[in-house]
There are 2 protein chains.
Amino acid sequence: MTKLKFFLQIHKAIIIYGISLALLLLILKWLELRFIIFDYSLEIYIGAIAFIFTGLGIWLALKLSKPKIKTLVVEKEVFVPRSENFILNTSLIAELELSKRELEILNLMALGLSNDEIAAKIFVSLSTVKTHNQNLFVKLDVKRRTQAIEKAKRLNLIP
Amino acid sequence: MTKLKFFLQIHKAIIIYGISLALLLLILKWLELRFIIFDYSLEIYIGAIAFIFTGLGIWLALKLSKPKIKTLVVEKEVFVPRSENFILNTSLIAELELSKRELEILNLMALGLSNDEIAAKIFVSLSTVKTHNQNLFVKLDVKRRTQAIEKAKRLNLIP
DNA sequence: CTTATTTTCATACCAAAGTATCATTTTTAA
DNA sequence: TTAAAAATGATACTTTGGTATGAAAATAAG
C-alpha cells in the first residue's frame, strides 16, 4: 500500500506524461476518423504535435530535473583567539618563579573574574587569592591586576 | 559585432532548436516524397515525432532553465593572528555605539592604567573617566574593567 | 538655529582590589 | 627527615573601582 503510494508520488510526472500521450493519440485517432484532419496540411499537423510535445518535454524536464546545487563557499573570517598559536613562555615563568597557583589565578584574572569568583572557582578563601595576587604583582613588577594581565599577555605567560 | 556574438551565445539553444525543427520537417517532407512514409501507420509516425520533440523539449528546458541555486554556506575558518595584524571591528563599534572617548579609555584600560592615570592622560577629571566606564560597561554588557578588556580583545575592539 | 548626542563634571555611597603582617599547613627536594 | 618552597588563611586597613543620580558645556546633525 505504502509502496504503491510512494511509487505514484515519485513517478507522478511520468504517469501524467503517459496519460497525456495516450489521450493525445486518442484525440488524433478520433480526428482521423472524423476526416477533419485532412482539412489541414500534414506540415501543420506535425508542427502542432511537435509544439505540444516540446512543451510536454520542457514541463517534464523542469519537473524531474534535480536542482543544480551550486555550492557557494563563503569565507567567514573567524578570529581565532591566540590560544591556537600561543606558545607558553616556560623559561620566563621559571625565571620569574611563578608558581602553578599563581599562573592559574593569573589566567582567571585575564578572563575577567573577580577575586571572589576566583576563590570560589579554585576552592580557596578570598584571603588566599589576595595573597597570591600580592606575590604575583611583586614577581611581575606591576601594581594592578590590569597591568598584570597586559604584561602577562605581552610576555606570553597567558594566552 | 560583439552584440551579434552576444545574441548568438544567449540564444544558442533556441537557434539549434529552430534548425533541428527545420531539418526534421525537411526530412519528413523528403520521406513523404519518397512514399516511404506510407509504409508505416500514422500512429507510429506521430509517436516518433512526439518522442523526438519530447526529447528536444527536455534538452531545451535543461539548457535554458536557470540552475536552481541552492546556496550552501561553508564557513571556512581563516586564521588571523590577532596580535600581529589587528583589524579593528568598526562595524561592531558602530553597532555597540561606542564613542571615540569610550574607545580611547578602553584602550588605556587594557594597557593597565588606573582611572586616575587615565584621567591625567586625557586631561579630564576622575569623575569623567568613571562615567565613561559606566557607559562602556553597559554597552559591552560587562561588570568589571577586566571583563571589558577581555571581551574587547576577543571582539577585536582593541589590539 | 535648534535639537540631539557626546563629553564633561560633581557628590555620595558601596563593593572590590590591593597592602601589610603574621601564621599554619602541605609539598617538594636535598 | 628536615629545610625550603608553595599554598593556604586571617585581620585590619587603604586605595581603587564601580553605581546612582543629576546636570552643564561642547559638538555634531538636521
Side-chain angles (χ1 to χ4, degrees), chain A residues 88-155 157-158, chain B residues 88-155 157-158:
Chain A
L88 195 110
N89 195 339
T90 40
S91 63
L92 188 59
I93 288 172
E95 203 179 307
L96 295 174
E97 293 178 308
L98 297 181
S99 72
K100 277 184 189 176
R101 248 337 191 207
E102 284 163 355
L103 210 62
E104 189 181 5
I105 286 176
L106 189 57
N107 274 282
L108 295 174
M109 253 186 201
L111 292 177
L113 301 214
S114 69
N115 287 338
D116 252 320
E117 288 168 342
I118 292 170
K121 189 146 215 165
I122 64 173
F123 306 107
V124 295
S125 75
L126 177 62
S127 303
T128 306
V129 175
K130 285 188 173 185
T131 310
H132 283 307
N133 286 359
Q134 279 184 72
N135 299 327
L136 208 46
F137 296 161
V138 170
K139 288 176 183 177
L140 286 175
D141 189 29
V142 296
K143 290 192 170 182
R144 276 174 292 281
R145 55 170 55 217
T146 47
Q147 276 186 357
I149 294 165
E150 193 277 329
K151 193 160 189 177
K153 287 211 175 201
R154 188 157 40 80
L155 301 179
L157 299 174
I158 55 173
Chain B
L88 195 107
N89 194 341
T90 40
S91 62
L92 187 58
I93 288 172
E95 205 180 304
L96 296 175
E97 293 176 311
L98 298 183
S99 71
K100 277 185 189 174
R101 235 5 178 192
E102 285 163 354
L103 210 62
E104 189 181 3
I105 287 176
L106 189 58
N107 273 283
L108 295 173
M109 252 185 201
L111 293 177
L113 301 214
S114 70
N115 287 338
D116 253 320
E117 288 168 341
I118 293 170
K121 189 148 215 165
I122 64 173
F123 305 107
V124 295
S125 75
L126 176 61
S127 302
T128 306
V129 175
K130 285 188 172 185
T131 310
H132 283 309
N133 287 358
Q134 278 186 73
N135 298 328
L136 208 47
F137 295 162
V138 170
K139 288 175 182 176
L140 286 175
D141 190 30
V142 295
K143 290 192 172 182
R144 279 176 288 284
R145 56 171 52 217
T146 47
Q147 277 187 356
I149 293 165
E150 192 276 330
K151 193 162 190 176
K153 287 211 174 199
R154 186 156 43 79
L155 301 178
L157 300 174
I158 55 173

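The shown structure was predicted, so the numbers you read here are calculated from the model rather than taken from an experiment. Just so we're on the same page: letters track the sequence lines, and every chain starts at 1.
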Query raised in the report: Roughly how far apart are B/Lys100 NZ and B/Ile93 CD1, rounded to 0.5 Å?
Result: 12.0 Å
Report summary line: Expected list for residues 98-106 of chain B near DNA chain C, using heavy atoms below 4.0 Å, is B/Ser99, B/Lys100, B/Arg101
Polar pairs (N or O, both sides) under 3.5 Å between protein and nucleotides 25-30 of chain D?
none

Query raised in the report: If only atom types and distance count, is the side chain of A/Lys151 paired as donor or acceptor with the main-chain N or O of A/Leu140 below 3.5 Å?
Result: yes
Report summary line: All heavy atoms of A/Asn89 vs all of A/Leu157, minimum pair found to be O-CD2, 4.0 Å
Query raised in the report: Got a second to check how far B/Gln147's CD is from A/Leu111's CG, nearest 0.5 Å?
Result: 10.0 Å
Query raised in the report: Applying salt bridge (Lys or Arg N to Asp or Glu O under 4.0 Å), which residue pairs with at least one partner in residues 115-124 of chain A are found, sequence neighbours left out?
Result: A/Glu117-B/Arg144
**Report entry** Shortest non-hydrogen contact from B/Leu106 toward B/Ala152
**Finding:** CD2-CB, 3.7 Å
Report summary line: Residue set satisfying side chain to side chain contact (heavy atoms under 4.5 Å, CB included) with A/Ala119, at least two apart, ordered chain then number -> A/Val129
Report task. With sequence neighbours left out, write down each residue that passes side chain to side chain contact (heavy atoms under 4.5 Å, CB included) with B/Asn107, or none if nothing qualifies. Result -> B/Leu103, B/Ile158, B/Pro159
Report task. For DNA chain C, note the earliest and the latest nucleotide, 5' to 3', having some atom under 4.0 Å of a heavy atom belonging to chain A. Result -> C/dA17 to C/dA20
List the atom pairs, with distances to 0.1 Å, where a side-chain N or O of residues 130-137 of chain A and a protein N or O form a donor-acceptor pair under 3.5 Å, not counting sequence neighbours.
from: A/Thr131; atom 1: OG1; to: A/Ser127; atom 2: O; distance (Å): 2.8
from: A/Asn133; atom 1: ND2; to: A/Asn115; atom 2: OD1; distance (Å): 2.9
from: A/Asn135; atom 1: ND2; to: A/Thr131; atom 2: O; distance (Å): 3.2

**Report entry** Rounded distance (nearest 0.5 Å) linking atom CZ of A/Arg145 with atom CG of A/Leu113
**Finding:** 8.5 Å
**Report entry** Listed partners of B/Ile122 passing side chain to side chain contact (heavy atoms under 4.5 Å, CB included), at least two apart
**Finding:** B/Arg101, B/Glu104, B/Ile105, B/Leu108, B/Ile118, B/Val124
**Report entry** salt bridge (Lys or Arg N to Asp or Glu O under 4.0 Å) partners for B/Lys139, two or more places apart
**Finding:** B/Glu102
Query raised in the report: For DNA chain D, whose closest nucleotide is more 5', that of A/Ser127 or that of A/Lys139?
Result: A/Lys139
Query - Net bend of the helix from C/dC1-D/dG30 to C/dA30-D/dT1, end axes of five pairs each, nearest 10 degrees - result: 70°
Query raised in the report: Hey, does B/Thr128 reach any base, or is it just sugar-phosphate, or nothing, if we go heavy atoms under 4.0 Å?
Result: base
Query raised in the report: Within the pair A/His132 and D/dT8, is there a side-chain N or O less than 4.0 Å away from OP1 or OP2?
Result: yes
Query raised in the report: With the sugar-phosphate defined as primed atoms, P, OP1 and OP2, and the base as all remaining atoms, what B/S/- string results for nucleotides 14-24 of chain D, 5' to 3', for protein heavy atoms under 4.0 Å?
Result: ---BBBB----
**Report entry** For A/Thr90, all residues meeting side chain to side chain donor-acceptor pair (under 3.5 Å), sequence neighbours excluded
**Finding:** none
